[in-house]
Amino acid sequence: MDCSSFLDISLDLNTNPFDRNFPDKLPKKEVKVSTSADLERKWLVKDEGDEQSGSELREELNRVNAENKKLKEMLATVCENYYALHSHLEKLQSRQSEQTELPTKKRKQDTDELLGFPIGLGSGKTENSSSNEDHHHHHHQHEQKNQLLSCKRPVVTDSFNKAKVSTVLVPADSSDTSLTVKDGYQWRKYGQKVTRDNPSPRAYFRCSFAPSCPVKKKVQRSAEDPSLLVATYEGTHNHLGPNAFEGDATSQAGSTNTVTLDLVHGGGHRLALEKNERGTMQDVLVKQMASLLTNDSKFTASLAAAISGRLLEQSRT
Amino acid sequence: STTSALVDELKRVNAENKKLTEMLTLMCDNYNVLKNQLM
């Protein structure tokens with residue numbers, strides 16, 4: 001299936017020298033950003049009372065701060081694009097899993113017919129039996145059928161049904177003991193326990209759509225860094241979150257922000273950011289980013305840090 | 001003391017920049033992986 005027809009999957013960062021039409025050409029390795037580490041060292045050995053040093057230092061600080069801001073904006077844009085692509089992929093996956101489930105049901109029904117069992121016996125329907133003998137007979141048949149089916153049942157090859165486990169690090173106020181991670185979904189807490197390896201308790205949540213949605217979440221304050229909450233998600237939501245984007249991912253991709261970054265001129269980055277519906281997007285971004293993560297632990301960690309960056313930025317402005 | 005405070009702040013922002021750059025690189029890689037999955 002040519003997915004490119006549904007979704008514009010270019011990152012659309014409009015960054016030079018990387019070609020916006022070829023996100024493959026985006027840096028595979030760490031992006032080299034000019035740092036002022038040398039300058040720091042330089043100023044450390046200089047006389048502290050030097051006024052000129054101070055002003056240059058402030059200039060450098062301003063430059064680095066501006067670069068920091070640009071990086072955060074770029075990261076947010078990449079996250080948005082990633083999110084749009086991810087939700088599109090999830091839609092495709094759920095569609096695919098629906099398609100694979102249909103033949104399975106058909107096969108099960110065929111097996112019932114083939115074995116001479118009444119249709120619907122295995123699908124939760126109960127039959128009213130006038131005598132205990134009949135009931136016993138059916139029960140025996142049911143057991144026999146289950147044994148046969150368990151032998152014949154094909155191995156589930158649908159990788160999308162496998163429980164996906166992902167971990168997200170979310171910054172949290174150390175005074176907050178609620179162990180709440182706002183990720184755009186609603187959760188029901190069903191337990192809490194203290195673990196050996198961590199003084200903070202671990203809270204267990206189920207998706208509010210349970211039992212139809214199998215996703216579970218564990219939240220615990222990080223033992224290494226108590227300012228972070230570690231949220232572990234098991235499974236994939238089979239529904240959109242309450243604050244999810246409406247409509248197709250295509251339309252989201254069309255309304256994403258355009259970032260222009262000039263890495264060539266002026267020795268720094270010149271960024272022109274055109275934002276459409278910035279407020280809405282940011283709001284949704286913050287709420288949704290944490291909820292749609294891959295199994296890639298590196299990504300989950302980076303995304304959590306991105307969220308924290310966005311929150312910090314918002315709190316400053 | 002002002003200079004040392006500025007240097008400290010510069011260090012902090014530089015470290016944050018470095019982290020952001022790494023994250024951005026990582027995100028680009030992840031994006032490309034996802035894109036290849038879709039293609």
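Side chains are part of it too, since the values below use all heavy atoms of this structure and drop only hydrogens, waters and symmetry mates. These numbers were taken from a predicted model, which means no experiment stands behind them. All chains are named by letter (A, B, ...) in the order of the sequence lines, taking the proteins before the strands, and each is independently numbered beginning at 1.
Atom-to-atom distance recorded for Asn68(A):CG and Lys18(B):NZ is 14.5 Å, nearest 0.5 angstrom. Taking NE2 of His86(A) as the reference point, atom CD of Gln37(B) lies at 8.5 Å (rounded to 0.5 Å). A distance of 6.5 Å separates CG of Leu24(B) from CG of Leu71(A), quoted to the nearest 0.5 Å. Annotation: the span from Asn32(B) atom CG to Tyr82(A) atom OH amounts to 11.0 Å, rounded to 0.5 Å.
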| field | Test log, rule salt bridge (Lys or Arg N to Asp or Glu O under 4.0 Å), inputs Glu16(B) and Lys72(A) | value | CA-CA 10 Å; Glu16(B) 199 176 319; Lys72(A) 280 177 184 170; 3.0 Å; yes
| task | Go through the steps to decide whether Arg58(A) and Thr2(B) satisfy the test side-chain contact (heavy atoms from CB on, under 4.5 Å), and finish with yes or no. | result | CA-CA 10 Å; Arg58(A) 271 189 205 93; Thr2(B) 313; 3.7 Å; yes
| task | List the steps, then state whether side-chain contact (heavy atoms from CB on, under 4.5 Å) holds for Leu38(B) with Leu92(A). | result | CA-CA 9 Å; Leu38(B) 271 167; Leu92(A) 288 175; 3.2 Å; yes
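Remark: the backbone N or O of Val64(A) is not paired with any side-chain donor or acceptor of Asn14(B) at under 3.5 angstrom.
Nearest approach of Leu6(B) to Leu61(A), heavy atoms of both residues: CD2-CD2, 3.7 Å. What you find for Leu85(A) and Tyr31(B) is that their closest heavy atoms are CD2-CE1, 3.7 Å.
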